[in-house]
Amino acid sequence: MHVVFLTFPFSSLVLAFTENLKMGGAVSAGEDNDELIDNLKEAQYIRTELVEQAFRAIDRADYYLEEFKDNAYKDLAWKHGNIHLSAPCIYSEVMEALDLQPGLSFLNLGSGTGYLSSMVGLILGPFGVNHGVELHSDVIEYAKQKLDFFIKTSDSFDKFEFCEPSFVTGNCLEISPDCTQYDRVYCGAGVQKEHEDYMKNLLKVGGILVMPLEEKLTKITRTGPSAWETKKILAVSFAPLIQPNHADSGKSRLVHLPPVAVRSLQDLARIAIRGTIKKIIHQETMSKNGNGLKNPPRFKRRRVRRRRMETIVFLDKEVFASRISNPSDDNNCEELEDERREEEETKPSELKPDPPVNFLREKVLSLPLPDPLKYYLLYYREKQ
């Protein structure tokens with residue numbers, strides 16, 4: 001048995017390393033979606049602005065059943081029946097590894113609740129392709145309900161040009177061989193080694209595949225017709241892909257992916273008009289304050305982080321952590337409470353942020369246009 005002691009300052013990196021073995025818990029729980037994203041950024045799981053914007057735009061709690069929403073902002077996976085969400089730190093690593101850009105085509109194998117597909121759709125934009133394959137028909141219905149709720153009620157929808165995901169039911173190992181190839185592919189279940197080539201062949205040259213392979217979240221880039229680059233991202237533990245069952249008929253049930261539809265002239269006009277209105281809003285805002293559009297400030301209680309020493313012990317494949325006491329720790333609770341009271345006393349009540357304004361909706365509704373055209377430009381959305 002080999003025993004190694006490492007002593008160094010406690011940090012999010014150490015926490016992430018030890019907790020990723022448990023599929024989540026790499027960052028602190030947040031009070032709301034924005035604080036969860038703040039924590040993911042601090043731990044370097046979210047590293048680019050596009051990914052951050054997508055995570056902030058869609059509230060993770062909206063994809064939970066009502067009775068489980070208290071756990072939505074914890075960095076943990078969630079499963080209820082066939083419904084499953086991976087831990088936020090996993091999704092953020094996947095989003096970063098996919099290197100998403102507007103106009104790309106994306107295939108989500110095991111698309112589940114549609115949470116990841118919707119975030120991807122915010123980046124792909126109106127001229128991208130966003131497809132998902134899900135084994136369970138009840139989960140497909142759940143995903144469609146959540147997608148409909150997002151489109152009809154979220155102000156974030158008007159801040160982006162959205163590539164709406166399309167979902168089909170079936171086993172992702174039975175995709176029709178004549179299907180189109182994709183720029184980006186993600187698989188949300190553990191891929192056995194014998195299916196690695198099958199997954200690779202779903203990619204266009206230059207495309208990126210991210211999947212759990214042999215207990216590692218793996219990024220594979222297709223650099224040529226028969227050339228690949230492979231990078232291991234982090235250790236993970238996913239349930240394995242379910243193998244096709246042909247016991248009933250003895251025949252394969254091929255999965256036919258949605259066709260890549262050409263947008264109608266009406267739809268193209270709507271996209272162009274909305275884009276023009278957004279530019280006008282941006283220019284008007286810049287002329288007022290010279291800064292362009294900004295997100296409303298979030299006024300939260302400042303969290304005090306204290307450095308302490310941490311001892312990590314490696315015993316074969318087991319990982320143990322023990323804290324070395326810090327003299328300043330004894331008064332942590334009292335100091336935090338004092339600081340909280342001090343902030344509440346000194347913070348003026350007028351600093352509370354106003355509810356966010358949907359500038360696009362306001363501008364469209366103010367235009368001298370017939371009401372049906374206004375509602376068409378707003379996608380007939382319910383939120384007023």
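Everything numeric here is computed off the predicted structure, so don't read it as measured data.
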Report the distance from atom CD1 of Ile151 to atom CD of Glu164, rounding to the nearest 0.5 Å. 4.0 Å
Separation between OG (Ser118) and CD1 (Ile123), nearest 0.5 Å, reads 12.0 Å
Does atom NZ of Lys79 have more than 12 heavy-atom neighbours, drawn from other residues, nucleotides or ligands, at distances under 6.0 Å? yes
Short side-chain donor-acceptor distance under 3.5 Å, Glu141 and Gln145: no
Show every donor-acceptor pair shorter than 3.5 Å between a side-chain atom in residues 203-213 and any protein atom, with sequence neighbours excluded, or say none if there are none.
none

Same cluster (ILVMFWY, side-chain, under 4.5 Å), Val260 and Ile175: yes
Going by distance alone, is a donor N or O of one side chain under 3.5 Å from an acceptor N or O of the other, for Asp59 and Tyr73? yes
Taking Asn171 for its side chain and Ile242 for its backbone only, find out whether a donor-acceptor pair lies under 3.5 Å. yes
Residue pair Asp155, Lys159: steps toward the salt bridge (charged side-chain N to carboxylate O under 4.0 Å, His left out) verdict: CA-CA 7 Å; Asp155 282 327; Lys159 296 176 183 176; over 6 Å; no
Does the pair Lys41 and Asp38 meet the rule for a salt bridge (charged side-chain N to carboxylate O under 4.0 Å, His left out), with working shown? CA-CA 5 Å; Lys41 281 187 65 181; Asp38 290 342; over 6 Å; no
Could you state whether Ile280 and Leu367 fall into the same hydrophobic cluster, counting links through intermediate Ile, Leu, Val, Met, Phe, Trp or Tyr residues with side-chain heavy atoms under 4.5 angstrom apart? no
Report the residues that fulfil side-chain contact (heavy atoms from CB on, under 4.5 Å) with His195, sequence neighbours left out, ordered by chain and then residue number. Leu173, Val191, Gln192, Gln243
The reported gap from CD1 in Ile220 to CD in Glu196 (rounded to nearest 0.5 angstrom) is 4.5 Å
Counting N and O atoms only, with roles assigned by atom type, does the side chain of Asn201 sit under 3.5 Å from a partner on the main chain of Asp197, one being a donor and the other an acceptor? yes
Exam field: side chain Lys278 to backbone Phe160, donor-acceptor pair closer than 3.5 Å: yes
Residues 98-112, side-chain donor-acceptor partners within the protein, below 3.5 Å, at least two apart:
| residue | atom | partner | partner atom | Å |
| --- | --- | --- | --- | --- |
| Ser105 | OG | Asp183 | N | 2.9 |
| Ser105 | OG | Asp183 | OD2 | 3.0 |
| Asn108 | ND2 | Ser117 | OG | 3.0 |

Assigning hydrophobic clusters by single linkage (Ile, Leu, Val, Met, Phe, Trp, Tyr; side-chain heavy-atom cutoff under 4.5 Å), is Ile83 placed with Phe68? yes
Between the main-chain N or O of Ala29 and the side-chain N or O of Lys74, is there a donor-acceptor pair closer than 3.5 Å? no
For the side chain of Tyr376 and the backbone of Gln266, is there at least one donor-acceptor N/O pair under 3.5 Å apart? yes
Side chain Glu52, main chain Ile37, donor-acceptor under 3.5 Å: no
Side chain to side chain contact (heavy atoms under 4.5 Å, CB included) between Phe238 and Ser86, worked out: CA-CA 9 Å; Phe238 278 68; Ser86 293; 4.0 Å; yes
Has the side chain of Lys144 got a donor or acceptor atom that lies under 3.5 Å from a matching backbone atom of Lys146? no
For the pair Glu284 and Phe359, evaluate side chain to side chain contact (heavy atoms under 4.5 Å, CB included) and give the outcome as yes or no after the intermediate values. CA-CA 11 Å; Glu284 289 176 348; Phe359 293 103; over 6 Å; no
Just one of Val94, Ile58, Val51 clears the side-chain contact (heavy atoms from CB on, under 4.5 Å) bar with Met119, so which one? Ile58
Take Thr113 and Leu85 through the test side chain to side chain contact (heavy atoms under 4.5 Å, CB included) and record every step on the way to the result. CA-CA 7 Å; Thr113 65; Leu85 281 168; 3.3 Å; yes
Strictly distance-based, threshold 3.5 Å: is any side-chain N or O of Tyr182 a donor or acceptor partner for the main-chain N or O of Leu202? no
Does the distance from a Lys or Arg side-chain N to an Asp or Glu carboxylate O, for Glu93 and Arg47, drop under 4.0 Å? yes
Common cluster, Val168/Leu124, ILVMFWY with side-chain heavy-atom separation under 4.5 Å: no
With Tyr379, which residues qualify under ring pair (Phe, Tyr, Trp, His ring centres under 6.0 Å), at least two apart? Phe157
Do the side chain of Arg253 and the main chain of Glu174 share a donor and acceptor less than 3.5 angstrom apart? no
Please determine whether a side-chain nitrogen of the Lys or Arg among Arg274 and Asp158 lies less than 4.0 Å from a carboxylate oxygen of the Asp or Glu. yes
One should read off an interatomic distance between Leu241 CG and Glu194 CD, to the nearest 0.5 angstrom, of 10.0 Å
Going from OH on Tyr45 to OH on Tyr91, what distance comes out if it is rounded to the nearest 0.5 angstrom? 15.5 Å
Of the non-hydrogen atoms in Asp75 and Pro88, which two are nearest, and what is the gap between them? OD1-CD, 3.1 Å
Listing request: all salt bridge (charged side-chain N to carboxylate O under 4.0 Å, His left out) pairs with a residue in residues 102-117, at least two apart in sequence or in separate chains. none
Pairs meeting criterion salt bridge (charged side-chain N to carboxylate O under 4.0 Å, His left out) with involvement of residues 215-232, two or more places apart: none
Would Met95 and Leu116 count as a side chain to side chain contact (heavy atoms under 4.5 Å, CB included) if you check the C-alpha gap in whole Å, the side-chain angles of each, and the deciding distance to 0.1 Å? CA-CA 8 Å; Met95 290 279 286; Leu116 178 67; 3.6 Å; yes
What distance do Leu40 atom CG and Cys89 atom SG have between them, rounded to the nearest 0.5 Å? 7.5 Å
With no hydrogens and no angle check, is any side-chain donor or acceptor of Thr221 less than 3.5 Å from a backbone partner on Thr223? no
